[in-house]
There are 2 protein chains.
Amino acid sequence: MVERRRPGQPAGITHARVVAEARELLTEEGVDGLTMRALAHRLGVAPNALYTHVRTKAQLVDDVLDDLLAGVTAIDPDDPDWRGALHALMRSSHAVLLEHAELVPLFLARRGARETNAQRLGESMLRLLATGGVEGRLAREAQRALIVYTIGSAAFAARPPLGSNAETEALPSVDELTRNFDQGLAWLLAGIARA
Amino acid sequence: MVERRRPGQPAGITHARVVAEARELLTEEGVDGLTMRALAHRLGVAPNALYTHVRTKAQLVDDVLDDLLAGVTAIDPDDPDWRGALHALMRSSHAVLLEHAELVPLFLARRGARETNAQRLGESMLRLLATGGVEGRLAREAQRALIVYTIGSAAFAARPPLGSNAETEALPSVDELTRNFDQGLAWLLAGIARA
DNA sequence: ACCTGAACACCGTTCAAGT
DNA sequence: ACCTGAACACCGTTCAAGT
């Protein structure tokens, strides 16, 4: 806390630490609490020190999201049960995004932040669709529809912040959100499979 | 411009004017340009004067979105071709949301801003689904899936702001966005109809 | 390269006061 | 009720400088 440091004295900050601390700050204080200044304070550093490790706040948000996507359960992209594997992949993505649902709308707004993990997932999806005979333009559209539905569901599930004035009308549980998600996903996959 | 006004002198501002001006500001300057201060400036008024007509900025955003939804093409909620009518309804919603796509992620984040126009649309959807024999819990889930997909598609289509550093890789046209949207919607409706 | 102090150019919102 | 002036408590980011 009282750590005095003079200019030039390194504080042991890395990009990974910034992202990890951002995630913690996010879960504790919500999306409005995620500010560069609060993040710097947590790391025991001056606000502008962050700019050594991160280009902008928007880029940081992208990095947090992609860090989140690293937690998606791996599947076999050549699983002969392509529809089952695709369902599992999207379900895991949805679950992982729910962890920071508040952040997801920002993700949507930035058109998907094509970072490494997101790209890898996209490729797995195309592989599975190809196994099901869905290829070319149609595969691209199926991929887009699945992504939109999955990210959209997570964003839609974003809880209002704790001190909200919204009627306390028993927000749906994670379980219920997942069941709802599953149902729509099944409809979508059924449509795609018959294409 | 040089209109001097003393405290108490009304400026002819109404809630409707604030919303309308917000929409114009939004199309001209994008979502980052939509600030209370810029909006007040446009209306020739001090920033805090807006708080006579609007409770918070978040509420204003909700109002703008609902104002937007007023533009959705009316359909007959008892159309026997329920699937066609539902498709048309969602397509029109999608088109209208594309007008301020940048704003849509905020809409998602606020869980749908249940204002009057949004409610009316939701009821039409349930009516049409009932005509198709989809009722009760399943109807609720179909409604949710359709809304998530429609709003998600619009949000996903949000153009990066003009001065973006994103590779200028020929962003999809509105026509193409609509075709893509239609394809996924058809899949979803096919799945729902077979439920 | 990595950090600090200070500053710039903003925000949304509130408060007290005037008509 | 409707507006103003002034202020509060913040923001993200940049610049110059120090090691």
Side-chain angles (χ1 to χ4, degrees), chain A residues 1-19 21-22 25-26 28-64 102-103 106 109-110 160-161 163-165, chain B residues 1-19 21-22 25-26 28-64 102-103 106 109-110 160-161 163-165:
Chain A
M1 283 291 181
V2 207
E3 15 180 333
R4 275 267 158 249
R5 214 179 306 98
R6 270 183 279 92
Q9 303 259 2
I13 296 182
T14 61
H15 178 81
R17 268 200 70 198
V18 172
V19 170
E21 202 71 35
L25 178 55
L26 203 51
E28 289 178 23
E29 307 291 343
V31 74
D32 289 337
L34 179 61
T35 70
M36 297 301 270
R37 297 178 112 99
L39 184 55
H41 180 72
R42 256 173 170 267
L43 290 161
V45 104
N48 47 1
L50 295 179
Y51 290 86
T52 303
H53 304 97
V54 141
R55 207 148 60 133
T56 62
K57 184 184 175 180
Q59 182 61 55
L60 172 63
V61 168
D62 282 355
D63 292 344
V64 168
E102 278 184 310
L103 214 56
L106 302 185
R110 315 199 80 249
S164 166
N165 54 357
Chain B
M1 283 291 182
V2 207
E3 14 180 333
R4 275 267 158 248
R5 215 178 306 98
R6 271 182 278 93
Q9 305 258 0
I13 296 183
T14 62
H15 179 82
R17 267 201 71 198
V18 173
V19 171
E21 202 72 33
L25 177 55
L26 204 50
E28 288 178 24
E29 306 291 344
V31 75
D32 289 338
L34 179 60
T35 70
M36 297 300 270
R37 296 178 112 99
L39 184 55
H41 180 73
R42 256 175 170 267
L43 290 160
V45 105
N48 47 1
L50 295 179
Y51 290 86
T52 304
H53 305 96
V54 143
R55 207 151 57 136
T56 63
K57 184 184 175 180
Q59 182 61 55
L60 172 63
V61 168
D62 283 354
D63 292 344
V64 167
E102 279 183 309
L103 215 55
L106 303 185
R110 313 199 82 248
S164 164
N165 54 355

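In the text below, chain A, chain B and the rest are named by the order of the sequence lines, each starting its count at 1. Just so it is clear, the values below take in all heavy atoms, side chains as well, and ignore hydrogens, waters and symmetry mates.
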What's the gap between dA17(C) and dC2(D) when it is taken at their C1' atoms, as a whole Å value?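 Those two atoms are separated by 13 Å.
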Rounded distance in Å - [atom1] ([X]) to [atom2] ([N]):
| X | N | atom1 | atom2 | value |
| --- | --- | --- | --- | --- |
| Glu29(B) | dC10(C) | CD | P | 13 Å |
| His41(B) | dC3(D) | NE2 | C1' | 18 Å |
| Leu34(B) | dC11(C) | CG | P | 11 Å |
| Asp32(B) | dA9(C) | CG | P | 19 Å |
| Leu43(B) | dC2(D) | CG | P | 14 Å |

Could you tell me which residues satisfy side-chain contact (heavy atoms from CB on, under 4.5 Å) with Ala38(B), sequence neighbours excluded, listed by chain and number?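 Here the qualifying residues are Leu25(B), Thr35(B).
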Applying side-chain contact (heavy atoms from CB on, under 4.5 Å), can you list everything that pairs with Thr52(B), at least two apart in sequence or on another chain?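 Result, side-chain contact (heavy atoms from CB on, under 4.5 Å) vs Thr52(B): none returned.
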Examine dC3(D): is either OP1 or OP2 under 4.0 Å from a nitrogen or oxygen in the side chain of His53(B)? Give yes or no.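 True: His53(B) side-chain N/O within range (under 4.0 Å) of dC3(D) OP1/OP2.
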Verify the contact: side-chain N or O of Thr35(A) to OP1 or OP2 of dC11(D), cut-off strictly under 4.0 Å; return yes or no.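 So the side chain of Thr35(A) is within the cut-off, an N or O lying under 4.0 Å from OP1 or OP2 of dC11(D).
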Backbone N or O of Val18(A) within a donor-acceptor pair of the His53(A) side chain at under 3.5 Å?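 Checking the backbone N and O of Val18(A) against the side chain of His53(A), no donor-acceptor pair under 3.5 Å is found.
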Report the residues that fulfil side chain to side chain donor-acceptor pair (under 3.5 Å) with Arg42(B), sequence neighbours left out, ordered by chain and then residue number.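 Glu21(B), Glu28(B).
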Identify, with sequence neighbours excluded, every residue that meets side chain to side chain donor-acceptor pair (under 3.5 Å) alongside Glu29(B).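 Partners of Glu29(B) by the side chain to side chain donor-acceptor pair (under 3.5 Å) criterion come out as none, since no residue qualifies.
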Please list, pair by pair, any protein nitrogen or oxygen found under 3.5 Å from a nitrogen or oxygen in nucleotides 13-16 of chain D.
from    : atom 1 : to       : atom 2 : distance (Å)
dT13(D) : OP2    : Tyr51(A) : OH     : 2.6
dT13(D) : OP2    : Lys57(A) : N      : 3.0
dT13(D) : O5'    : Tyr51(A) : OH     : 3.2
dT14(D) : O4     : Asn48(A) : ND2    : 3.2

Beyond-backbone contact of Glu102(A) with Leu34(A), side-chain heavy atoms, under 4.5 angstrom: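 Answer no - side chains too far apart.
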May I ask you to test the Arg37(B)-Pro47(B) pair for a side-chain heavy-atom distance under 4.5 Å?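 Yes - at least one pair of side-chain heavy atoms lies under 4.5 Å apart.
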Would you please enumerate the stems DNA chain D participates in, each stem being three or more consecutive Watson-Crick or G-U wobble pairs with both distances under 3.5 Å?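 Listed by first number, the stems are C:4-8 with D:12-16, C:12-16 with D:4-8.
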Return the minimal non-hydrogen interatomic distance between Val64(A) and Ala22(A), and the atom names on each side.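 Scanning both residues completely, I find the closest heavy atoms to be CG2-CB, 3.9 Å.
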Straight-line distance of His15(B) NE2 to Asp63(B) CG, nearest 0.5 Å: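 Between atom NE2 of His15(B) and atom CG of Asp63(B) there are 3.5 Å.
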